[in-house]
Amino acid sequence: MSDFTDLTLATARAGLAAKKFSAVELTQAHVTAIEQNRALNAFITETPDKALAMAKASDERLARGEGGVLEGLPIAIKDLFCTKDILTTAASHILDGFNPPYESTITQKLWDAGANCLGKLNLDEFAMGSSNMTSHYGPVINPWTKPGDNRQLVPGGSSGGSAASVAARLALAATGTDTGGSIRQPAGFCGIVGLKPTYGRCSRWGVVAFASSLDQAGPMTRTVEDAAIMLGVMAGHDPKDSTSAPMPVPDFKAALTGDIRGLRVGIPKEYRVDGMPAEIEALWQQGIDWLKDAGATPVEISLPMTKHALPTYYIIAPAEASANLSRYDGVRFGLRVPGASLDEMYENTRAAGFGAEVKRRVLIGAYVLSAGYYDAYYLKAQRLRTLIAKDFEQAFEKCDVILTPTAPSAAFAIGEKMDDPLAMYLNDVFTVPVNLAGLPGMSIPAGLSADGLPLGLQIIGRAFDEETMIRVAGVLESAATFTAKPYSSLAGRA
Amino acid sequence: MSLDKATVARIATLARIKVPEADLEALGHELNQILHWVEQLDQVDTTGVEPMTSVAAMTLPLRADRVTDGNRADDILKNAPNGMHGFFTVPKVVE
C-alpha cells in the first residue's frame, strides 16, 4: 500500500498509536519503494533487514503501550553520520570499507526515540558540493523533472540523497548536515522542508567533520511539524562535543501556534542579487505578502557584508577541511595505496582516495594556512566573519526573523555548472552567511517555477531561537499549501 | 598572488596529495581562479576588527581529567587496512 509512504512522521506515529497499521507494514512499504527507485541513486547502503528488525521491536514496544516520539518510523541517514557496524563512506573512495565501531550521538538519539534505519544516503564527497555530483558513488537524481522535459536534474547538495529520498517518498524523513547550505539548498531543489539549527544545538560527535566551526546537522522532512518533532529528538547538549550548547531543548512543536501577529520580518535589500530570476523575486514578494496577511510586519534591513560571505566561506571552510581531512592517511581506516616510503604511501592514498573537488579544497586550505599567507587569507577571512555576524546582530535589533529565497535558481540539469567551480559556489549565496554567523535557517517549499520545479523560501532566526523561525515557517507552509509532488515516473506510482 | 607550478607542487606536498607533474599547470589555473576571486576581500577595511575564533558566545568547558573510555584496541584496529599484533603498520621509516 503506497499510501504508507505519503504519511508524515506525525500522522504515521498517530496511525501506529491507533493500531491502524504496524511498524513492520509501514517500514516494508518504504523498503519496497527504495527497491523500486534505485535509479535515483539516493542510497549508498540500504539496510532493509535492520529496518525491519527494528520495526518488529517497535511493534513489540507499541503493543506493550510503550514507545518513543519516533517509535516505528522509518527514516534514512546521510552517510556522513557514523553508524555502528554499518558502512560509513562520506561518499568518498578514501573511506572504503569503513565500519565505525561507534554510533554518532544524533543517530543514537533517533534510534533511542524508536526510529528505524532504512539505510545510508548519498551525498557530495565529504559534503563538499551543491549538486551531489562529487560523490564517489555517482550523482543522485532529483525525483523532479520539468514537465515535458525528461532531462535529469540535480537534487542539490550536499544532502542530495536525503532530499531526494524524502521528496520521492522513500523515507518519512532523513538527517542532513549543513556547512554552507547543504540542508537548505537541496530541500529547496526537491520541494521539502530542511532545517539547519543554531551552531551548537545538535551534537557533532560521530559526524564526519568537514568544517568544524560551520557544520551542523538537522532534519529534512515533508512538513514543518515533522521538522520540529525530529529536531526535538536530535537536539541537546552532548558532553562528547565541547561545542554543543549546554542548553535545555524547547518543545519545538509547541512553537507552531500559527500566530505571528506583531512579528517583524526582516527583508535584506542586499539579497536582491544580479541575475536572480524574476520568478524567485516574485515568490519572495509572495512570501512577504503571506506573512503580512498573517499579521507580521515586513521591515527592510541591510546586511552590507552579504557579497563578501561566499569568498570568506571559501577560505574558512577549505582551511578547516584541510586540517580535518589530514586524518585520512591510509593508516587507521579506509583506503591504503602502497608507496616506497611513509610519505609516498600518504600521497598515493590521498591522490587515489579524494575526488577533484575535495583535492581542490584541501589544497586551497593548505595554501591559505601556510606560512606567509595565513594573515592575508585566513586571518582576513576570520575578520570578515566577525563583520558578517555583526551585520546579523544589528539586523536582529530591528526584526525577529529574516525572510529570503533559499537559492538563486531552481534545480539545474546534471552536468551543468560542472566546468566552473565558482558558478557552482554561487548556489549557496543566500545560505552561507547563516553558517558564518552560526544562526538557524530553514527552507520551506513555497511554490513552483514556470518550469514546474520547486522553489524554496528561507527563514533565518536569532541564535537559539529556532522556535520563532519554526512558528513563521508554519505560517508560510499553511499559506503556500505546497502539495505538488515530483513528476518523474517514479516506479509504482502514476 | 598567483600560484606558479613550483608553488602548486609545494602545496601538494604540504597536503600529502600526489599530483603528477603533467597536471600541475591545469590545477594551478583552477586554484588561481579561486584565489583571485577570494582576494576581493582585500577591498574591505578590517583594521581593528577582531578575527572570529568561535561563532558561539561560550567558553569551552573543562571536564574532569579522568579516563572515560579505553581498552578497545580490537575495535580501533578493526578498520585498519594493515594491522598486526595489536599495532597499525606503516612502511619502514627508519633504516
Side-chain angles (χ1 to χ4, degrees), chain A residues 97-99 101 199-200 213 239 242-243 245-246 305 308 311-312 314-315 322 326 329-336 338-348 350-351 354 359-360 362-367 370 373 376-377 379-387 389 421-422 436-438 463, chain B residues 1 3 7-8 10-20 23 27-28 30-31 33-63 68-69 72 74-83 88-93:
Chain A
F98 176 56
N99 289 293
Y199 184 82
S213 78
S242 60
T243 63
M305 289 292 146
H308 304 302
T312 299
Y314 276 98
I315 293 172
S322 82
S326 64
D329 58 4
V331 175
R332 287 156 298 163
F333 36 68
L335 182 74
R336 167 182 285 196
S341 64
L342 182 60
D343 273 330
E344 200 182 83
M345 189 271 284
Y346 293 154
E347 291 182 344
N348 290 345
R350 291 161 64 82
F354 292 146
K359 281 182 196 165
R360 238 185 328 256
V362 168
L363 292 170
I364 289 279
Y367 182 66
S370 65
Y373 301 99
Y377 290 107
L379 212 56
K380 180 80 183 180
Q382 281 188 309
R383 293 188 207 281
L384 258 299
R385 194 172 175 187
T386 299
L387 294 177
L422 292 181
L436 289 169
Chain B
M1 280 170 266
L3 306 185
T7 312
V8 177
R10 189 175 61 84
I11 303 167
T13 305
L14 282 177
R16 298 289 185 275
I17 296 175
K18 178 154 284 180
V19 178
D23 296 352
L27 185 60
E30 279 177 20
L31 299 180
Q33 255 194 316
I34 297 169
L35 287 171
H36 287 150
W37 173 67
V38 301
E39 278 163 16
Q40 62 178 278
L41 296 183
D42 293 343
Q43 299 160 13
V44 187
D45 181 5
T46 51
T47 319
V49 178
E50 279 296 305
M52 183 191 283
T53 50
S54 168
V55 70
M58 60 186 267
T59 44
L60 287 180
L62 296 176
R63 62 167 172 78
T68 56
D69 203 352
R72 297 173 48 175
D74 290 346
D75 273 359
I76 291 163
L77 281 167
K78 201 181 63 175
N79 280 289
N82 199 343
F88 296 113
T89 61
V90 294
K92 206 167 175 180
V93 267

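FYI, side chains are in, hydrogens and waters are out, and symmetry mates aren't considered; it's all heavy atoms of this structure.
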With a cut-off of 6.0 Å (strictly less than), are more than 12 heavy atoms of other residues, nucleotides or ligands near CG of B/Asp42? yes
Between B/Leu41, B/Val90, B/Val38, which residue shows the highest count of heavy-atom pairs closer than 4.5 Å to chain A? B/Leu41
Under 4.5 Å between any side-chain heavy atoms of B/Thr46 and A/Leu379, yes or no? no
Out of A/Gly365, A/Pro101, A/Gly330, return the one with the most heavy atom pairs under 4.5 angstrom to chain B. A/Pro101
Considering only heavy atoms, which portion of B/Val93 lies under 4.5 Å from any heavy atom of chain A: side chain, backbone, both, or neither? side chain
Can you confirm whether A/Tyr367 sits close enough to B/Thr7 that some side-chain heavy atom of one is under 4.5 Å from a side-chain heavy atom of the other? yes
Validation row: B/Ile11, A/Ser370 side chains within 4.5 angstrom (heavy atoms): no
At a heavy-atom separation under 4.5 Å, does B/Leu27 approach chain A through its side chain, its backbone, both, or neither? side chain
How far does CD1 of A/Ile315 sit from CD1 of B/Ile34, to the nearest 0.5 angstrom? 11.5 Å
Heavy-atom pairs under 4.5 Å with chain B - which of A/Tyr199, A/Tyr346, A/Phe98 has more of them than the others? A/Phe98
Measure across A/Gly334 and B/Pro81 and return the closest heavy-atom pair with its distance rounded to 0.1 Å. O-CG, 3.5 Å
State, with a plain yes or no, whether a side-chain heavy atom of B/Leu60 is found less than 4.5 Å away from one of A/Ser242. yes
Between B/Thr68 and chain A, with a heavy-atom cut-off of 4.5 Å, which part of the residue counts as in contact: side chain, backbone, both or neither? neither
Looking at B/Glu50 and A/Arg383, is any side-chain nitrogen of the basic one under 4.0 Å from a carboxylate oxygen of the acidic one? no
Nearest 0.5 Å, what's the OH-CG distance between A/Tyr373 and B/Leu3? 8.0 Å
Is there side-chain contact between A/Arg332 and B/Asn79, with heavy atoms separated by less than 4.5 Å? no
Tell me, for A/Thr312 versus chain B, whether the close heavy atoms (under 4.5 Å) come from the side chain, the backbone, both or neither. both
Sidechain N-carboxylate O distance under 4.0 Å for A/Asp329, B/Arg16: no
At their closest point, which heavy atom of B/Ala80 faces which heavy atom of A/Val331, and how far apart are they? CB-O, 3.8 Å
Value for CE (B/Met52) from CG (A/Leu436), rounded to nearest 0.5 Å, stands at 8.0 Å
Please answer whether the main-chain N or O of B/Val19 pairs with a side-chain N or O of A/Lys359 as donor and acceptor at a distance below 3.5 Å. no
Within a strict 4.5 Å, meaning less than it, do heavy atoms of the B/Val44 and A/Met305 side chains meet? yes
Validation row: A/Arg336, B/Thr89 side chains within 4.5 angstrom (heavy atoms): yes
Measure distances from B/Leu31 to the heavy atoms of chain A and classify the residue's part below 4.5 Å as side chain, backbone, both or neither. both
Mind listing the closest non-hydrogen atom pair of B/Ala15 and A/Val362 along with its distance? CB-CG1, 3.9 Å
From B/Lys78 NZ over to A/Phe333 CZ, what is the distance, rounded to the nearest 0.5 angstrom? 13.0 Å
Atom of B/Pro91, atom of A/Gly339 and distance for their closest heavy-atom approach: CG-O, 4.1 Å
Distance, nearest 0.5 Å, that separates CD1 of B/Ile17 from CG of A/Asn348: 12.0 Å
Kindly give the heavy-atom pair with the smallest separation between A/Ala351 and B/Lys18, and that separation in Å. CB-O, 3.4 Å
In the structure I gave you, are the side-chain heavy atoms of A/Glu347 and B/Thr13 within less than 4.5 Å of one another anywhere? yes
Under 4.5 Å from any heavy atom of chain A, what part of B/Arg72 do you find: side chain, backbone, both or neither? side chain
Between chain A and each of B/Gly83, B/Ala12, B/Pro51, B/Pro20, count heavy-atom pairs under 4.5 Å; write down the option with the most. B/Pro51
Per-residue contact mode, A/Pro246 against chain B (heavy atom under 4.5 angstrom): side chain
